[in-house]
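Beneath this line is the structure, given in structure tokens, with notes to follow.
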Amino acid sequence: MPSTMQALVLSEPNSMAIREVPIPVPGPNEVLARVRAVSICGTDAHLIRGDYPGFWPPSFPFIPGHEWAGEIAALGEGAERYGWKVGDRVAGTSHDACGVCQKCVEGHYNLCENFGRPGLHRQYGHNYQGADATYVIHGMKCIFRLPDKLSFAEGALIDPASIALHVANRGGVAAGDTVAIIGAGAIGLLSADASIARGAGRVILLERNAGRLAKAASLGFEVVDTSTDDPVATVRAMTGGLGADVALECAGVPAAVQWALGLLRRGGRCAAVGIPVVGVEIAMQRLVLDELELVGSRASAGEMRRVMPLVEQGRIRVGEMITHRFPLVEYERALATFNDPASGAIKIVVEP
Ligand SMILES: [Zn+2]
Ligand SMILES: [Zn+2]
């Protein structure tokens, strides 16, 4: 076992380098994993740009990365009691919550009331060192056995797949529902599959990027090009004037939230996973008089294990999302590709 590893180290916003750093030592109920694949998330791009100053990351130097898979390289004290052993293949997720507060006890660990408190809560790759490295430490609550059938690259997408299943769950998608999804990035496309897994009758994806529209259509979904067509009027026309039963907002811009509410059927429900950085004006009259529901959807809460068989059976098609692969040493090129709307990138997998 070497004593140092390669890691993507962020020294300040937009300033990063591949460095040789000490391999961390796993503490009680933690494992050290050899990272085999880590995928770039929209949150990584924001975090690296410095969009969450003082929060994600709380300080520098910092190693980002939170959507990963690999194999266990060493066990911290007590980890073996949970059945883990060196060599086990695992997929990771980021929320390592306290497990003790009321929200954690009730299963809503994504809403942990001790969020960010040192020693009580960690979010790997956000407020604690992440997986853009050859090794990473994770607590017991954040690793999940990766089925043999799934590759490490697919395993890296279990975390975003769990987030997609969570937003479909928060939307309350029921058998036969018409679901409209704003944004055909990875979360939008994966939540389209998650909606079908929950029994949706129709899934309509709204998007303006030509490459993503083509991707959504190639996966078998109905599409609306928001660069040429009015999103609300088009979805209403497609649904006999009634609107969609459920809207999933996966774009994170104010207009998308307004469209999502505007295209809902009376009594419809919108779950929002996109995070606009500014306030959004909401048509409260319609929300009240048509009894619309608007709920937030943060990360996942229990879906990591539940999404695994759906991915294994090809019902949530994570492999279809992977458009590019890079070695860790080419992270900056991978990130530039991710940030280029003309690149056709959906998910980029980096292999340390
Ligand atoms: Zn992510
Ligand atoms: Zn908690």
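Note that the structure is a prediction, hence the values are computed from the model and not measured. Note that ligands are numbered from 1 as they come in the structure, with each ligand's atoms numbered from 1 the same way.
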(request) Can you establish whether the number of heavy atoms outside Arg49 located under 6.0 Å from its atom CZ is more than 12? (result) yes
(request) Check all N, O or S atoms of Glu67 and name the one closest to the Zn ion (ligand 1). (result) OE2
(request) Report yes or no: does Lys85 contribute a side-chain atom to a donor-acceptor pair with the main-chain N or O of Ile72 at less than 3.5 Å? (result)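 Side chain of Lys85 to backbone of Ile72, a donor-acceptor pair under 3.5 Å: no, none is there.
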(request) Provide the tally of protein N/O/S atoms nearer than 2.8 Å to the Zn ion (ligand 2). (result)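 Considering protein N, O and S only, the Zn ion (ligand 2) has 4 within range.
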(request) Please report the C-alpha distance between Gln123 and Ser94 in whole Å, then the side-chain angles of each, then the deciding distance to 0.1 Å, and finally whether the side-chain hydrogen bond (donor to acceptor under 3.5 Å, both in side chains) criterion is met. (result) CA-CA 5 Å; Gln123 192 177 5; Ser94 68; 3.2 Å; yes
(request) Go through the side-chain N and O atoms of Asn114 and Arg117 and say whether any donor and acceptor fall under 3.5 Å apart. (result) yes
(request) Taking atom types as modelled, find out whether Glu154 and Ser151 have a side-chain donor-acceptor pair closer than 3.5 angstrom. (result) yes
(message) Suppose we call two aromatic rings close when their centres sit under 6.0 Å apart. Are Tyr124 and His66 close by that rule?
(response) no
(request) Could you tell me the angle subtended at the Zn ion (ligand 1) by NE2 of His66 and SG of Cys41, rounded to 10°? (result)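 Approximately 100° at the metal, rounded to tens of degrees.
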(request) In plain terms, say whether Lys215 and Glu207 are close enough for a salt bridge, that is, a side-chain N and a carboxylate O under 4.0 Å apart. (result)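 Not counted as a salt bridge, because no side-chain N and carboxylate O are separated by less than 4.0 Å.
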